[in-house]
Every structure is written in structure tokens, then in C-alpha cells.
Amino acid sequence: MKQLALSQYNNIYLIAIALFLFLSVFIGAVFMIYRKGSKKHYDYLSQLPLREENLT
């Protein structure tokens, strides 16, 4: 089954483009998460469910 599925992807350029896009998105996500100053933002977001709001 696996070999049958992989035999359909014989266009190496599409595979290379897909790999490049995946790596670009992955590196971009890692960069956004670990950028300078992001800890304060994620700490704020982590406390949102615990905040009490005045609904009156």
C-alpha cells in the first residue's frame, strides 16, 4: 500500500517544492514563537482563561 501510494509521486520538483514550503512554514513558526519579547505575550495569553471579568 505504501509503495503504491509513493509510486504516484514521481515528480521530484513537486516534492522539492512541498518540502521547501513545509520547511519555510516550520522555520517561520519557530521564529515567531521564540522571537525576543514573545514570552510576555504568551504569558498574557496563558492567563486569559483565568481572568475574571466584570459582566455587570
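This chain uses plain numbering: 1 for the first residue, then up along the sequence. Hydrogens, waters and symmetry mates are skipped; everything else that's a heavy atom, side chains included, is used.
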Name the atoms and distances for all side-chain donor-acceptor pairs under 3.5 Å in residues 23-38, with sequence neighbours left out.
residue: Ser24; atom: OG; partner: Phe20; partner atom: O; Å: 2.8
residue: Arg35; atom: NH1; partner: Met32; partner atom: O; Å: 2.7
residue: Ser38; atom: OG; partner: Ile33; partner atom: O; Å: 2.7
residue: Ser38; atom: OG; partner: Arg35; partner atom: O; Å: 2.9

**Report entry** Set of residues satisfying side chain to side chain contact (heavy atoms under 4.5 Å, CB included) with respect to Asp43, sequence neighbours excluded
**Finding:** Lys39
Report task. For Ile12, enumerate each residue passing the side chain to side chain contact (heavy atoms under 4.5 Å, CB included) test, keeping only those at least two apart in sequence or located in another chain. Result -> none
Requested in this report: Determine whether Tyr42 and Gln47 make a side-chain contact, defined as any pair of heavy atoms from C-beta on separated by less than 4.5 Å.
Outcome: no
Requested in this report: First locate atom CG of Asn11, then atom CD1 of Ile17, and finally report the distance between them rounded to the nearest 0.5 Å.
Outcome: 8.0 Å
Query raised in the report: Taking everything shown except Tyr13 itself, do over 12 heavy atoms lie less than 6.0 Å from its OH?
Result: no
